[in-house]
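Here's the structure, in structure tokens; my notes come after.
Side-chain atoms are counted along with the backbone in the values below, which use heavy atoms only and exclude waters and symmetry mates. For ligands, and for the atoms within them, numbers begin at 1 and follow the listed sequence.
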Amino acid sequence: EPPPGCPPDVEQLGRATWTFLHTTAAYYPDKPTPKQRANMLSLLHALPILYPCTWCAQDFGEDMGKHSPDVSSRTALSRWLCERHNEVNKKLGKETFDCNKVDERWKDGPADGSCD
Ligand code: FAD
């Protein structure tokens with residue numbers, strides 16, 4: 001872990017990016033307008049071009065090519081993103097995440113109120 005104030009390494013950048021993406025998906029509308037859908041598609045399609053970890057961006061682009069983003073609803077987008085994150089988890093030898101728990105993790109917090 002680099003000291004505070006240092007530029008992010010690939011791990012820190014990844015955690016920050018997943019936090020942004022999963023949280024944005026968690027608050028995406030249930031019934032997005034055409035404009036909201038188009039903007040979400042732009043955001044996601046920009047990642048393989050702009051994400052500042054070249055090999056991450058490359059592999060993510062290939063995975064997105066096989067699994068097109070589902071921007072039809074909050075639930076669909078959250079699941080799609082969870083599955084894409086799990087592909088990265090598998091590639092890195094990390095445990096996969098139970099996508100039924102994506103709202104608990106990124107929106108509602110656990111039922112025991114420990115995050116309230
Ligand atoms: P992270 O994977 O960053 O996850 C953060 C938190 O999200 C976890 O603690 C967990 O609570 C939750 N979570 C885990 N899985 C899921 C899921 N499937 N759905 C919802 N929530 C979940 N690193 C590389 O070394 N090589 C790469 O090729 C690479 N590609 C990447 C591509 C993208 C698009 C992004 C955003 C990141 C990439 N990373 C890559 C970084 C990597 O995914 C991790 O962010 C980094 O290794 C830190 O991992 P972590 O264990 O702290 O948890």
SB check Glu1 Arg15 (cutoff 4.0 Å)
yes

Taking ring-ring contact (aromatic ring centres under 6.0 Å, His included) as the cut-off, I'd like each qualifying pair that reaches into residues 51-76, sequence neighbours left out, listed once.
none

Mind jotting down which protein residues get a heavy-atom contact under 4.0 Å with ligand 1? Chain and number order, please.
Val10, Glu11, Gly14, Arg15, Thr17, Trp18, His22, Tyr51, Trp55, Cys56, Phe60, Cys82, His85, Asn86, Val88, Asn89, Lys91, Leu92, Lys94, Phe97, Val102, Arg105, Trp106

Does Leu50 sit in a hydrophobic cluster with other residues, and if so which ones, taking ILVMFWY side chains as linked at heavy-atom separations under 4.5 Å, directly or through other members?
Ile49

Donor-acceptor pair, Asn39 side chain versus Lys35 backbone, under 3.5 Å?
yes

I need the full list of ring-ring contact (aromatic ring centres under 6.0 Å, His included) pairs touching residues 2-44, with sequence neighbours left out, sorted by first then second residue.
Trp18-His22, Trp18-His85, His22-His85, His22-Trp106

Taking atom NZ of Lys91 as the centre, report whether more than 12 heavy atoms of other residues, nucleotides or ligands fall under 6.0 Å from it.
yes

